Protein chains: 2
Amino acid sequence: MLMQNVSMNYEGENVAGIREVATTAGVSMSTVSHVMSGKRHVAPATRARVEDAIARLGYTANPAAAQMRSGRSGAIALVVPTLENPFYPLVAAGMQDILVPRGLLLTISESNGPGGQDVLRHLIARRVDALVAAPFGLNNKLLGELREAKIPFVTLGRVSAAGGDLVHTDDVEGAREITTHLIERGYKKIAFIGGEKEAGTTRERFEGYARAFGSAGRPLVDDDIVFSQFTRAGGRTGAALLLDRESRPDAIVAANDLIAIGILDAARERHLSVPGDLAVTGYDDIDAASLVNPELTTVENPAREIGRACARLLLERLDGDVTDVTRTVALSHRLIVRQSS
Amino acid sequence: MLMQNVSMNYEGENVAGIREVATTAGVSMSTVSHVMSGKRHVAPATRARVEDAIARLGYTANPAAAQMRSGRSGAIALVVPTLENPFYPLVAAGMQDILVPRGLLLTISESNGPGGQDVLRHLIARRVDALVAAPFGLNNKLLGELREAKIPFVTLGRVSAAGGDLVHTDDVEGAREITTHLIERGYKKIAFIGGEKEAGTTRERFEGYARAFGSAGRPLVDDDIVFSQFTRAGGRTGAALLLDRESRPDAIVAANDLIAIGILDAARERHLSVPGDLAVTGYDDIDAASLVNPELTTVENPAREIGRACARLLLERLDGDVTDVTRTVALSHRLIVRQSS
DNA sequence: CTGAAAGCGCTTACAG
DNA sequence: CTGAAAGCGCTTACAG
């Protein structure tokens, strides 16, 4: 026996389809469809009967069928290096702020895991409508496939992958501001501890530090500039170098909060009071920044806003409101002064 | 003109469909389908031609079409109160560990936001295949709709919603262990600070505290038991109560890490050394637990493992390997001894 | 203002 | 071992 045209879910139970709604309301499937989409006028009385039937049967359109016609999956993907970094879930939350009201589904994947390199390919095969990626672990070939598949995408951070939009925060400016804050507070010897030297984040934040020095007419002192790693241990090691010298700094600008927390460790080990003997600043404003003692002066990296900006950019492309030009959105940071400076 | 049966993406470009593959390989669409699914034998030579055509055209099946026939969306949802709590993204990561290899899409939503109550309804309409929910903000009516829609679901935590499976950690046992650890360390007056009194988490962790006392033959002292809130401020307030008494405790078991961090604040304000004057323990092992000074002794709440367990439970239901019986999975905690005890 | 029917791209009985 | 064709549940030209 051939299958009949009666909708079922996978438990084998009947579920109301557009056909049942049409029968119940005494109209055609076309009319039901048009009542739902609003794409053509329906007489008020007819509309009322249809809406009544929809409500009585608890009908909701099967998205798979709609997608098949429209060619859209209604899914947007976010690919991040790891969900263990609390920054990225906040980006996701920001995207949801925009996507949920539009009825779009957000799917989130990690690219650092074992099958990380397959993730993008999988999402392409899944026909996601658009994609946001933190491009750290992703190679250019994959980004190229994205372009080929004509899937709009935006990258997070400073690597502007051709063919996609870009959202980032102005780290140069944020680092300039926090350094200027220390200068204005009267600190005389302000050092810098960066993360991995080749990281864009390190470069930009160092650049901001350097600019603040330039504006203040202070020369950069090579010995006061250390590159380490973006971890607590990296901060401790870097600080040891600076603090065990004859003339130690009275302030340190750290390239992120974890480094700053490591500096606090090093200060404690040497019985230096913060900020009395040594001021310390971080970057990002992760949760821990306000949990450590003393609480860290830092720059807020507006993760949620970043997510919102990404989603808006993608929707504009999906809506066709945009030409081929690549767009860059820079979001503002915010200096947060706490106890450590 | 009627639309032709040529696949296009929404940019209007041609994309290889199963029809093109069939033509290229000189076989029927049936055969292409069977080569891909492996559901019927195909002669090796035929198979080779088809696979060659698939590779040459870069064909990947349109999932919307497949979903329409199968009735499955291939999407699994995770609904959490907020993505700002770093626990939940880790649950998501654990789910991905299991779902990605199966080609399933994970979608994550917040239920605390403005449209939080609509989230579940939206996911039902979207026909997600299964769902994991932290049921805190969700009322029972919504859970009932889930049941009606025959969508398998598992809840996180202790509220066992009828019709779904349950994954939780054995908080009673974890709290018992950490309390016993303090007893064995020789602390004499061990107090307890809980979160909101009505929260299941508070109840279970207090229960573990009480059991450790029972096993050690110690009586519970009413004055040493305080209920507050699951926040840093709650910990500080609760600790103030305990520490400003004539006979203050020499150790405090906190119902979570944030409370413990608040206790550290209170101790610092009173110039009490930790653990010299006062031992403090937390619960959950959030990132901050090892960032504060002194680092917190705590109980690890294996978020990623929890996510894995949820995904496995759901897949078993989707694969039909399971009857109607509700299952409960309890995951083990792990005591982590650091500097604060 | 509304309906009948083609078509979206697949999968799967049915038939050989 | 393989193919022709029905059907999944919708949307949308086409026709009136």
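No experiment lies behind these values; they were computed from the predicted model shown.
Taking only side-chain nitrogens and oxygens, A:Ser30 never comes nearer than 4.0 Å to OP1 or OP2 of D:dT12. In this structure, A:Lys39 reaches the D:dT12 phosphate: one of its side-chain N or O atoms is under 4.0 Å from OP1 or OP2.
Here the side chains of A:Ile98 and A:Leu315 are in contact, with some heavy-atom distance below 4.5 Å. With a 4.5 Å cut-off on side-chain heavy atoms, A:Leu318 and A:Ile76 count as touching. Looking only at side-chain heavy atoms (C-beta outward), B:Ser30 and B:Arg40 come within less than 4.5 Å of each other. With a 4.5 Å cut-off on side-chain heavy atoms, B:Glu110 and B:Val119 do not count as touching. Using a 4.5 Å heavy-atom threshold, the side chains of B:Arg327 and B:Glu316 count as touching. Two residues are said to be in side-chain contact when any heavy atoms from C-beta on lie closer than 4.5 Å; A:Val329 and A:Asp165 fail this criterion.
When rounded to the nearest whole Å, the span between CE of B:Met68 and C1' of D:dC10 equals 6 Å. Atom CZ of B:Arg49 is separated from atom C1' of D:dT2 by 11 Å (rounded to the nearest Å). Per the geometry, CG belonging to B:Leu57 stands 12 Å off P belonging to C:dC10, to the nearest Å. One interatomic measurement links the two molecules: CG of A:Asn62 to C1' of D:dG9, which rounds to 6 Å at whole-angstrom precision. The distance between atom CD of A:Gln67 and atom C1' of D:dG9, rounded to the nearest whole Å, is 12 Å. Between the C1' atom of C:dG7 and the CE atom of B:Met29 lies a distance of 13 Å, rounded to the nearest Å.
Side-chain atoms of A:Arg40 lie closest to C:dT2 of the nucleotides D:dG9, C:dT2, C:dA13. When distances are taken from the side chain of A:Ala61 to each of C:dG9, D:dC10, D:dT2, the shortest belongs to D:dC10. Closest approach to the A:Thr46 side chain among D:dG3, C:dT11, C:dC1 is made by C:dC1 (side chain taken as heavy atoms from C-beta onward). Listed nucleotides: C:dT2, D:dC1, D:dC10. Nearest to the side chain of B:His41: D:dC1.
Heavy-atom distances to DNA chain D give each of B:Ala43 and A:Met36 a nearest nucleotide, and the one nearer the 5′ end belongs to B:Ala43. When the nearest nucleotides of DNA chain D are assigned to B:Ala65 and B:His34 by heavy-atom distance, the more 5′-ward of the two goes with B:His34.
Side-chain polar atoms of B:Arg121 and A:Thr60 form no donor-acceptor pair below 3.5 angstrom.
Helical stems in DNA chain D, defined as runs of 3 or more consecutive Watson-Crick or G-U wobble pairs with donor-acceptor distances under 3.5 Å: C:1-3 with D:14-16, C:5-12 with D:5-12, C:14-16 with D:1-3.
Base engagement by A:Ser33 is indicated by at least one non-hydrogen atom pair under 4.0 Å involving a base atom.
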